[in-house]
Amino acid sequence: MERVKTNIYGLDAMLYGGIPKQSQLIITGGPGTGKTLLSFEYIYKGAELGEVGVFLTFDEDPERVLQNVRATFPNLDKLDQLISEKKIIITGNDMLNHIREQNEPSNYQFGKLVSEMEYLVSTSGAKRIAIDSISILEMLVNDNNAYRKSLLALTTNLRRLGLTSFVTSEANTLEKEGLKFKEEYFIFDGILSMYQKGEEEKRVLQMEIIKIRGSKHSFVTAPYEITESGFRFVSVEQLA
């Protein structure tokens, strides 16, 4: 099986070598677990390898995302260079606002958004994409059945374009206990679930791979930390 290396410390070991190529993964977790930062690091590490990556931010302005990335990961010293070389393309809000200004029915807005994504990918030659987050997409399509069909179409189109993607979604709780997975998560090829456990200063960040379709993966919940150089996952596989 051909795999895409994330090059994120400890994560490829948990994935038994990397993400199966052209898989679409959803990253779920509560506020502060690092979903946005993890998906951005995935794009950054691919760009370091020479792969063009697109980061679509619908929840925040692109410049705000970059400010957060620079503050959290000061050791990612190639960031500005990779952006100037168009190895990293960050957009989203302007694309969404332009579509909303046309005041068309929500299902048309979703379709246009997907078309804009496809155009951006095809013209840039991107191999990786991160979408942060699908919460905004859910707001565009109010009907649950239509939303599921739209997500299925989105993941199918991303796969057809040869992309291996990270898509973020807000979880209903910070901790593993009481977590409920939305039905539409299982449309995706993989689910990574990020948790915070404990209280205040004693909180521990943890991640669990719920599924990777057609591939073996770690079943052990692994602690992680967010360092100045990126994420560090400490898994059984990494220590073996």
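One is the number of the first residue; the rest follow in order along the sequence.
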Main chain of N7, side chain of D12: is a donor-acceptor contact present, judged purely on distance under 3.5 Å?
yes

Can you find a heavy atom in the side chain of S215 that is under 4.5 Å from one in the side chain of M1?
yes

Answer with yes or no whether the hydrophobic clustering places Y44 together with I226; edges join I, L, V, M, F, W, Y residues whose side-chain heavy atoms lie under 4.5 Å apart.
yes

Indicate whether any N or O donor in one side chain lies under 3.5 Å from an N or O acceptor in the other, for Y185 and S169.
yes

If we only count heavy atoms from C-beta on, is the F166 to I19 side-chain gap below 4.5 Å?
yes

Using the rule ring pair (Phe, Tyr, Trp, His ring centres under 6.0 Å), only one of Y42, Y224, Y9 pairs with F231; which is it?
Y224

Under 4.5 Å between any side-chain heavy atoms of R128 and V54, yes or no?
no

Hey, are the side chains of V52 and I89 touching, using non-hydrogen atoms and a 4.5 Å cut-off?
yes

Note: K211-D189 ion pair, threshold 4.0 Å (strictly below)
no

I want to check something: taking the side chain as every heavy atom from C-beta on, are L38 and M194 in contact at a cut-off of under 4.5 Å?
yes

Can you list the steps and then say if I26 with L192 is a side chain to side chain contact (heavy atoms under 4.5 Å, CB included)?
CA-CA 6 Å; I26 189 160; L192 308 185; over 6 Å; no

Are I187 and Y147 linked, directly or through intermediate hydrophobic residues, by side-chain heavy-atom contacts shorter than 4.5 Å (ILVMFWY only)?
yes

Measure across L76 and S229 and return the closest heavy-atom pair with its distance rounded to 0.1 Å.
CD2-O, 3.6 Å

How far does CG of L158 sit from CD1 of I131, to the nearest 0.5 angstrom?
5.5 Å

Derivation of the side chain to side chain contact (heavy atoms under 4.5 Å, CB included) call for L25 and I191:
CA-CA 6 Å; L25 274 57; I191 303 173; over 6 Å; no

Any chain of hydrophobic side-chain contacts (each under 4.5 Å) joining M14 to Y16?
no

What I'd like to find out is whether the side chain of F40 reaches to under 4.5 Å of the side chain of L66, using heavy atoms alone.
yes

With side chain to side chain contact (heavy atoms under 4.5 Å, CB included) as the test, would you mind laying out the steps for R70 and D80 before giving the verdict?
CA-CA 10 Å; R70 289 187 178 103; D80 291 333; 2.7 Å; yes

How many angstroms lie between CD1 in I43 and CD in E48, if you round to the nearest 0.5 Å?
12.5 Å

Tested for side-chain contact (heavy atoms from CB on, under 4.5 Å) against M207, the lone hit among L11, T221, T33 is L11

Indicate the atoms forming the closest heavy-atom contact of S133 with D59, along with that distance.
OG-OD2, 2.9 Å

Rounded to the nearest 0.5 Å, the CD1 atom of I129 sits from the CD atom of E118 at a distance of 9.5 Å

Apply salt bridge (Lys or Arg N to Asp or Glu O under 4.0 Å) to the pair K45 and E51, showing each step before the final yes or no.
CA-CA 9 Å; K45 291 296 176 65; E51 295 183 3; over 6 Å; no

Lys/Arg-Asp/Glu bridge criterion (N-O < 4.0 Å) met for R148, E184
no

Looking at K127, I'd like to know if its NZ atom is crowded, meaning that more than 12 non-hydrogen atoms belonging to other residues, nucleotides or ligands lie closer than 6.0 Å.
no

If Ile, Leu, Val, Met, Phe, Trp and Tyr residues are connected whenever their side-chain heavy atoms lie under 4.5 Å apart, and connections chain through other members, are I8 and L49 in the same group?
no

Would V69 and E41 count as a side chain to side chain contact (heavy atoms under 4.5 Å, CB included) if you check the C-alpha gap in whole Å, the side-chain angles of each, and the deciding distance to 0.1 Å?
CA-CA 9 Å; V69 168; E41 186 179 355; over 6 Å; no

Within the distance-only criterion (no hydrogens, no angle test), does the side chain of Q206 pair as donor or acceptor with the backbone N or O of V204 below 3.5 angstrom?
no

Rounded to the nearest 0.5 Å, the OG1 atom of T36 sits from the CD atom of E60 at a distance of 6.5 Å

Heavy atoms only: give me the nearest S235-G10 pair and the separation to one decimal.
OG-O, 4.0 Å

Under 3.5 Å, side chain of R3 to main-chain N/O of G18, donor-acceptor pair present?
yes

Are any of the side-chain heavy atoms of T57 and R64 separated by less than 4.5 Å?
no

Using a strict cut-off of less than 4.0 Å between a Lys/Arg side-chain nitrogen and an Asp/Glu carboxylate oxygen, indicate whether K21 and E2 qualify as a salt bridge.
yes

Check for a donor-acceptor pair, side chain of K86 on one end and backbone N or O of S124 on the other, with a separation under 3.5 Å.
no

Can you tell me how far apart OG1 (T156) and NZ (K149) are? Round to the nearest 0.5 Å.
13.5 Å

If you take all heavy atoms of L163 and A126, which pair is closest and at what distance?
CD2-O, 3.4 Å

Indicate whether the side chain of D132 and that of S39 have a donor and an acceptor atom separated by less than 3.5 Å.
no

hydrophobic_cluster_shared for L56 and Y119, side chain cutoff 4.5 Å
no

Using 0.5 Å steps for rounding, measure from the CZ atom of F188 to the OG atom of S165.
7.0 Å

Could you tell me which non-hydrogen atom of P31 sits nearest to which non-hydrogen atom of K35, and how far apart they are?
N-NZ, 4.3 Å

Nearest non-hydrogen partners of I212 and G190, listed with the distance:
CD1-CA, 4.0 Å

